[in-house]
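Letters go in sequence order (proteins before strands), and every chain restarts at 1.
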Amino acid sequence: MAEASPRPGATPVIELRNVSKTFGEVRSLSDINFAVYPGEIVGLLGDNGAGKSTLVKTVMGFHKPDPGGDVFFKGQKIDDWSVARARGLGIETVYQERALCEKQPIWRNMFMGREPRTKWGLLDVKKMREESARLMSEHMGFTSAAVHPDNVVTTMSGGEKQGVAITRALYFDAQLVILDEPTMGLSLTETKKTLDFVSNIKKAGKSAIFIDHNIFHVYPVVDRLYVLDRGKVAGVYDKSQISMEELIDRLYRVARTGTLE
Amino acid sequence: MSEKPKNNRVAPPSFLRRYGSQLGIIGVGLVMWLGFVIAAPTVFMNTFIYVAFAQTTPQFGIIALALTFVVITGEIDLSFPSIMALGTAIFCLAVTHGVPWPIALLLGLATGAACGWINGFLVSWLNIPSLVITIGTSFLFRGIELVIMNGTGVPLTAEMYPGLHALLRESYFGIPVQTIWMIVLLGATWLLLNRTRFGAHVFLVGDNPTSARLMGINAVSVKTRAFMLTGVVGVFAGLMTSIYGYYFWPTTGDGFLLNTIASVFLGGTSVFGGTGSVIGSFVASYIIGAINAGIVSAGINAFYTQLCFGLVIVISVVLQTIIDRKIRRQSITGR
Ligand SMILES: Nc1ncnc2c1ncn2[C@@H]1O[C@H](COP(=O)(O)OP(=O)(O)O)[C@@H](O)[C@H]1O
Ligand SMILES: [Mg+2]
């Protein structure tokens, strides 16, 4: 079931094989097989605590899978997977918790972990400031005078903070963008903008993993769907195989009984 | 992501907001100096006192510059006085066994790096609170030093080590070399903190270690390097102090702890991590040095030194906190 590949012969951008993740007593992921192919948007559905964020952080190399589980990047098994490595290979994430450093100015947050340097090897602060100002007006719809790159993040609204996190993921021209509940706490217009952003990833021929509790957000933009339940993959669907009504029906069943059928 | 500019946030952060605490500390320094000049004009119009405090302040001031990095990462190092002594002891052992002094100097600094690495490893890799573990390593490093030196000191006269005295005790162009070192290290640490990836990561790790790690920053390595920097600079300060007194005392470092830590906090570096400046630590070190030198030279009873210290530190930290919250438009209690 989970092995069903949308395009036989294609190599996934990222693939997890038999991945489990245990935190002390808690088993957050068990025996996950998961793949994202080039150019596809994969939706990830599941209740709170199903393990969606844990899966994403394992894809990013933030969590190391329990022994026996493997991460493959473009068909290559990678043993020393790390966030720095994943980002270096073109995977960017908008984390559920946003991963901002709120006492720092916007420009430090925008380039966090991938700071540009001058030819002397020193931090290119000028570029960081200018690029942040440009990105904020071009992508976030802030007029450049409205939110200055030197402002600290604490003073911003929830939507503005999310804007920084999303713009940051966009900036590095990633081939795989992961969004973990990006619309949480956003206004209607902000939500629409975020969904447009996901559609644009597809138009640009890149891949994405999209997590959202609202199935009306997820269904229209994705190509394929994973349903996660209590750390297990409960189902994988091509969008062509299942209507939104059927999907909602099955999600209710999963929540009640733990099985899809 | 909103379409319209927010009117309450149309301006970049004001100059005051960005440099408020640094301006504040410079202001405190100037006011205090004027106070001294008015209270004891004959002493404070004489250059002798300035030479004295330009020689002694850097002995702890340079450590304050390095310790600023540790405090910005949200940690503290209470073991640097012992590292000063242990590294200098290794230097003394090496030279008394015929090792040329430049190599002995490198051995001493390497000892400081090793001690810093141990602190950093225990704090960041094993996740032990630095406040607790550096009290432990402080006893450990001091204990090793006392054992290997057998509690005895080593003379370090100018006749024996002219090169070292030229490096750490002379004056050039009328400026004591200690203060020249302090200025050089201010430049170096400013660059390191504000213009390198390491420095950027020091701020991020201190602000929110989880966010930093999620974005691929190696928090363990960043903290460890901050502790190593403090260790190396600590040993350099230990040598500077010993050469100044022509003698290595096994008790070297005693009395440095509070001066140094007070300089970092007085300089506006936050105990909560994530914010701070080496310029603040630099100015604050000289303020604390000036209180020491000033009170003694002005013929005021030395019992007043601590009283004066206490007043300056408590009042300035309270003012800094209140000004900072005002600028951020929070209430005075921060709640
Ligand atoms: N770092 C962690 N330590 C311990 N337990 C964790 C950790 N991260 C997640 N968990 C647990 O793993 C389970 C799945 O969490 P999560 O992946 O955040 O779910 P979701 O994102 O689907 O809501 C939860 O029971 C959560 O408590
Ligand atoms: Mg989650």
### Query
Which side-chain hydrogen bond (donor to acceptor under 3.5 Å, both in side chains) pairs, counting each pair once, include a residue from residues 203-214 of chain B, with sequence neighbours left out?
A:Q104-B:D207, B:N208-B:S211
Neighbour count >12 (heavy atoms, 6.0 Å) for atom [atom1], [X]:
X      : atom1 : result
B:L258 : CG    : no
A:L188 : CG    : no
B:F272 : CZ    : no
A:F23  : CZ    : yes

### Query
Taking only heavy atoms into account, what residues of residues 111-121 of chain A are found under 4.5 Å from chain B?
A:M112, A:G113, A:E115, A:R117
### Task
Step by step, work out the side chain to side chain contact (heavy atoms under 4.5 Å, CB included) result for B:M215 and A:Y95.
CA-CA 10 Å; B:M215 295 312 287; A:Y95 293 100; 3.9 Å; yes
### Message
Please check: side-chain N/O of A:K103 versus main-chain N/O of B:G206, any donor-acceptor pairing under 3.5 Å?
### Response
no
### Query
Which atoms of B:L214 come close to chain A, meaning under 4.5 Å heavy atom to heavy atom: side chain ones, backbone ones, both, or neither?
both
### Query
Measuring heavy-atom distances to chain B, does A:R98 have an atom under 4.5 Å in its side chain, in its backbone, in both, or in neither?
neither
#### Entry: Which portion of A:L122 sits near chain B, non-hydrogen atoms under 4.5 angstrom
both
### Query
When heavy-atom pairs shorter than 4.5 Å are enumerated against chain A, which of B:S270, B:A200, B:A212 gives the highest number?
B:A200
## Note on the structure
Between B:N194 and A:R108 the two heavy atoms that sit nearest each other are OD1-NH2, 4.3 Å
